[in-house]
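Here's the structure, in structure tokens; my notes come after.
Here the structure is a predicted model, which is why all the values come from computation and not from measurement.
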Amino acid sequence: MYDRPIIPESIVCDPCDAAVHGSGLASTPMMFERMLEGLPLVRRRVRRRQYVFRAGQPRHGLYLIHSGFYKTRVISEDGREKVTGFRLRGDLLGLEALDLPTYTCDAIALDVGEIWELPQSYLRERLPEFQECLTAALAGEIRRDWNWMLVLGSLNAEQRVVSFLLDLSTRLSALGFSSTSMLLRMTRADVGNFLALQLETVVRALHRLQAQGLIEVERRQIRILDLQRLRAQVALAALH
């Protein structure tokens with residue numbers, strides 16, 4: 001994800017997609033799972049709306065998402081919320097606090113899921129190559145943030161919503177799910193918050209895309225009807 005308005009294929013760069021040179025591990029969203037297979041890690045089931053951790057809570061390590069959807073957010077001193085991302089299987093929660101004694105954001109489950117607790121000291125001793133993979137994950141997070149900064153700074157409201165749908169489509173496809181049929185676990189308000197748009201703007205953009213025959217919306221279910229035309233909408237931004 002990643003120096004001019006986005007060409008759709010470059011929209012998605014999952015942190016775990018970064019190449020890990022010398023590790024012999026494939027670059028896939030399940031890279032960490034394959035590395036950690038067989039280790040006696042604590043696996044936690046989480047419920048919808050359950051916090052994995054809260055900002056200010058003592059940091060105990062990282063959390064690998066095995067299943068479910070999650071959102072991360074920060075809250076300002078005066079109570080304003082900013083959604084910083086939506087996380088899927090293979091993503092790591094807690095990366096932003098690696099050098100701090102406490103977590104710096106909230107991580108909240110958007111549906112039922114499972115996370116694996118990753119104590120860094122234990123992994124350093126038992127799995128030296130984990131540090132190299134962690135560096136790759138951090139680099140991927142930086143590229144992801146750069147891309148979304150570009151999206152928010154250069155695309156109009158409708159193009160931002162299209163970019164979001166294409167991003168989610170690509171990430172789900174990498175996990176083996178359909179690239180054209182998706183259930184939004186997050187609310188439209190969350191999507192708007194992430195894209196720096198009002199809720200009503202997101203709703204109108206979805207309606208316009210449906211009227212153009214590009215998507216079909218049924219409550220939280222969204223079906224992409226014309227993936228190529230969706231990509232073309234965002235690619236046009238690179239020409240202006």
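Side-chain contact between Phe86 and Thr72 is absent, with no heavy atoms from C-beta onward closer than 4.5 Å. Taking 4.5 Å as the limit, some side-chain heavy atom of Leu230 sits within range of a side-chain heavy atom of Ile224. Counting heavy atoms from C-beta outward, Arg144 and Met149 have side chains that stay 4.5 Å or more apart. The side-chain heavy atoms of Val151 and Val234, taken from C-beta on, include no pair separated by under 4.5 Å. No side-chain heavy atom of Asp145 sits under 4.5 Å from any side-chain heavy atom of Thr84. Between Leu168 and Leu88 the shortest side-chain heavy-atom distance falls below 4.5 Å. Counting heavy atoms from C-beta on, the side chains of Val202 and Gln198 never come closer than 4.5 Å. Put simply, the side chain of Trp148 reaches to within 4.5 Å of the side chain of Asp167, judged on heavy atoms.
Closest of all the heavy-atom pairs between Leu64 and Gly90 is CD1-O, 3.7 Å. Closest of all the heavy-atom pairs between Met186 and Asp190 is CB-CB, 4.0 Å. Between Lys71 and Glu81, the shortest heavy-atom contact is NZ-OE2, 3.4 Å. Nearest approach of Leu225 to Gly213, heavy atoms of both residues: CB-O, 3.6 Å. Between Val46 and Glu114, the closest heavy-atom pair is CG2-N, 4.3 Å. A pairwise comparison of heavy atoms in Leu152 and Phe194 identifies CD1-O, 3.9 Å as the closest pair.
Interatomic distance, CZ of Arg204 versus CG of Leu209, reported as 13.0 Å (0.5 Å rounding). One finds the CG atom of Leu166 at 11.5 Å from the CD atom of Gln159 (value rounded to the nearest 0.5 Å). Annotation: the span from Leu227 atom CG to Thr170 atom OG1 amounts to 7.5 Å, rounded to 0.5 Å. Gln228 CD to Leu214 CG: the interatomic distance, rounded to the nearest 0.5 Å, is 12.0 Å. Distance check, rounded to the nearest 0.5 Å: CD of Glu218 to CD of Glu216 gives 7.5 Å. Remark: Arg80 CZ to Ile75 CD1 distance equals 10.0 Å, nearest 0.5 Å.
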For this session: Check the pair Leu183 / Ile222 against side chain to side chain contact (heavy atoms under 4.5 Å, CB included), numbers first and verdict last.
Result: CA-CA 6 Å; Leu183 181 65; Ile222 292 184; over 6 Å; no
Problem set entry | Test log, rule side chain to side chain contact (heavy atoms under 4.5 Å, CB included), inputs Thr104 and Val74 | CA-CA 7 Å; Thr104 59; Val74 292; 5.9 Å; no
For this session: Could you walk me through whether Ile65 and Leu93 pass the side chain to side chain contact (heavy atoms under 4.5 Å, CB included) test, one step at a time?
Result: CA-CA 7 Å; Ile65 297 174; Leu93 298 173; 4.0 Å; yes
Problem set entry | His60 and Glu117: CA distance, side-chain angles, deciding distance, side chain to side chain contact (heavy atoms under 4.5 Å, CB included) verdict | CA-CA 9 Å; His60 300 296; Glu117 296 185 18; over 6 Å; no
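Val162 and Leu195 fall within a single hydrophobic cluster, where Ile, Leu, Val, Met, Phe, Trp and Tyr side chains are chained together by heavy-atom contacts under 4.5 Å. Put simply, Leu165 and Phe177 are part of the same group of oily side chains (I, L, V, M, F, W, Y) that touch within less than 4.5 Å, one to the next. Ile115 and Val42 fall into different hydrophobic clusters, where Ile, Leu, Val, Met, Phe, Trp and Tyr residues are linked whenever their side-chain heavy atoms come under 4.5 Å apart, directly or through other members. A single hydrophobic cluster is seen to contain both Trp116 and Phe130, as judged by linkage of ILVMFWY side chains at heavy-atom distances under 4.5 Å, directly or through other members. Hydrophobic clustering (side-chain heavy atoms under 4.5 Å, transitive across Ile, Leu, Val, Met, Phe, Trp, Tyr) keeps Tyr63 apart from Phe32.
A donor-acceptor pair under 3.5 Å links the side-chain atoms of Arg160 to the main chain of Leu155, judged by distance alone. Within the 3.5 Å criterion, the main-chain N or O of Leu100 finds a donor-acceptor partner in the side chain of Arg59. Although no hydrogens or angles enter the test, the distance criterion places a donor-acceptor pair under 3.5 Å between the side chain of Lys82 and the main chain of Asn193. Without hydrogens or angle criteria, Ser169 side chain to Ser179 main chain gives a donor-acceptor distance under 3.5 Å. Remark: the backbone N or O of Leu138 is not paired with any side-chain donor or acceptor of Glu141 at under 3.5 angstrom. Judged by distance alone, with hydrogens and angles left aside, the side-chain atoms of Tyr70 form no donor-acceptor pair with the main-chain N or O of Asp91 at under 3.5 Å. Using modelled atom types, no side-chain atom of Asp106 and backbone atom of Arg73 make a donor-acceptor pair closer than 3.5 Å. When atom types are taken as modelled, the side chain of Gln210 and the backbone of Val217 share a donor-acceptor pair closer than 3.5 angstrom.
Ion pairing between a basic and an acidic side chain is recognised when a charged N comes within 4.0 Å of a carboxylate O; Glu200 and Arg188 show no such pairing. Using a 4.0 Å cut-off between a side-chain N of Lys or Arg and a carboxylate O of Asp or Glu, Arg34 and Glu129 do not qualify as a salt bridge. Ion pairing between a basic and an acidic side chain is recognised when a charged N comes within 4.0 Å of a carboxylate O; Asp111 and Arg48 show no such pairing.
No hydrogens or angles considered: nothing links the side chains of Thr102 and Gln57 as a donor-acceptor pair under 3.5 Å. Side-chain contact, Glu158 with Gln212: a donor N or O sits under 3.5 Å from an acceptor N or O. Checking Glu33 against His66 by side-chain atom types alone, a donor-acceptor pair falls below 3.5 Å.
In this structure, Phe53 and Tyr103 have parallel ring planes: the angle between them is below the 30° cut-off, well short of the 60° mark.
More than 12 heavy-atom neighbours from other residues, nucleotides or ligands sit within 6.0 angstrom of CZ on Arg45.
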